[in-house]
Amino acid sequence: MDGIDNQDKIEKDIWSDAGTTRVPFEVYQSPKIYADELEKIFYGPTWNYVGLECEIPKAGDFRRNFIGEREILLIRKEDGNISVVENRCAHRGAQLCQSLSGNTGTAIMCPYHQWTYTLDGVLTGMPFKRGINGKGGLNPDFDMQNHGLLSLRVETLNGVVFASFDKDVAPLKTYLGNNMEKYFTRIFDGRGLRVVGYERQVIDCNWKLQMENLKDPYHAGILHLFLISFGLFRLDQESKCLVDDSKGHSVLMTAKGTEEGKEDTGGVRIAAPDFTLTDHDLIKPRMEFPDNITLSIQTLFPSIIVQAQCNTLATRHVIPKGPGSHELVWTFFGFEDDDEEMRDLRLRQANLMGSAGYVTLDDAEALEFSQLGLTGLPNGQSAVLEIGGTDCESNDHLVTESLIRGFYMRYRDVMGHESGTK
Ligand SMILES: [Fe+2]
């Protein structure tokens, strides 16, 4: 037992006195830490994105999704409300629905022994409940009420659905905080949503590296030559990085300059300075929100990103798949009241994003380089996060890693890891 206790202690104490300016490489590869993350973060007191209401418009419509590694079903009930239940039969644990989406009618039936549930997971029947001719079947005192599907807490905010395994989690708006709710509802402003399309990709790196990447404006002005070359994002643009009080949520925003190719690139090489675009609609935003922001990336703890780059809007859902891999699911959306021109722009500008996007193509490659680089290093080595200082505060510039340092402040709180001094 001493050995196990000692192992726990070592994993809580991996952070040095340098605080979140040093992220130990163990957190990206230790199976023990990964198992703890699933329990304490994904199955703990967090709100997890599970989809958009517009994806399940009719009674019986469902979509499969994941919270951590557990499968859930997002279901539209007959009364118009939404339920989220685990996609696992209460009998022998079989997966209930195999399709990514569909309509299950008025009941959910397990394909194995046909145990049947209501749309919010109440067990209503099974074949041969009383056996045959009084023989076999279930004991009469078997209480059906106690054998329903595991049902999660659900809250929606302007058409976006969140769920939690923790029945005692704080209300969603409290969890987000006023400032993050303000930026969330800047995009999800209450208008009806429509799905423009999906992309799914598997990236072989730890899920936290994906979250870090969306909290890392520094890389975006260096790695993404498409952004730099055509002025969509540069580190000298008018910008803001905001963190919430808990430090786990953040939003970064920029306003695009008016001239292509004239800003300060900070010495970053441009791959082909003579290249020009023939289709300028690809990078020309039609202003649609009541401000001059042309890029906003909001990251909500633990694993959802809301992207608005020009007129391409998307949720990016990060689904962990073991310590060294994750799936990234992009749901591109627009609004029901989009006119023809806007519908076209959303599709056209979606080419910037996704697994083969002109911009985000670079991210998956760089993130896999990161995982390859840190794998197998001896314990005690860390990433260095000192760009923009050592704090986790909001900024009015982009040359900073403060949002990543903030993410790890929240992470350590939830994981119960010992805090450093910063
Ligand atoms: Fe990027």
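Read the numbers this way: they start at 1 and go in the same order the structure lists the ligands and their atoms. Reckoned from all heavy atoms, side chains included, excluding hydrogens, waters and symmetry mates.
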Hydrogens and angles aside, do H91 and H147 bring a side-chain donor and acceptor to less than 3.5 Å of each other? no

Tell me, please, which residues at least two apart from D120 pass salt bridge (charged side-chain N to carboxylate O under 4.0 Å, His left out). K77

Using a cut-off of 2.8 Å, how many protein N, O or S atoms sit around the Fe ion (ligand 1)? 4

List in chain and number order the residues that pass salt bridge (charged side-chain N to carboxylate O under 4.0 Å, His left out) with E78, two or more places apart in sequence or in another chain; answer none if no residue qualifies. none

Is there any ring-ring contact (aromatic ring centres under 6.0 Å, His included) pair reaching into residues 344-388, and which pairs are they, with sequence neighbours excluded? F226-Y358

Side chain R343, main chain L347, donor-acceptor under 3.5 Å: no

Would you please say whether a donor-acceptor pair under 3.5 Å links the side chains of H219 and D363? yes

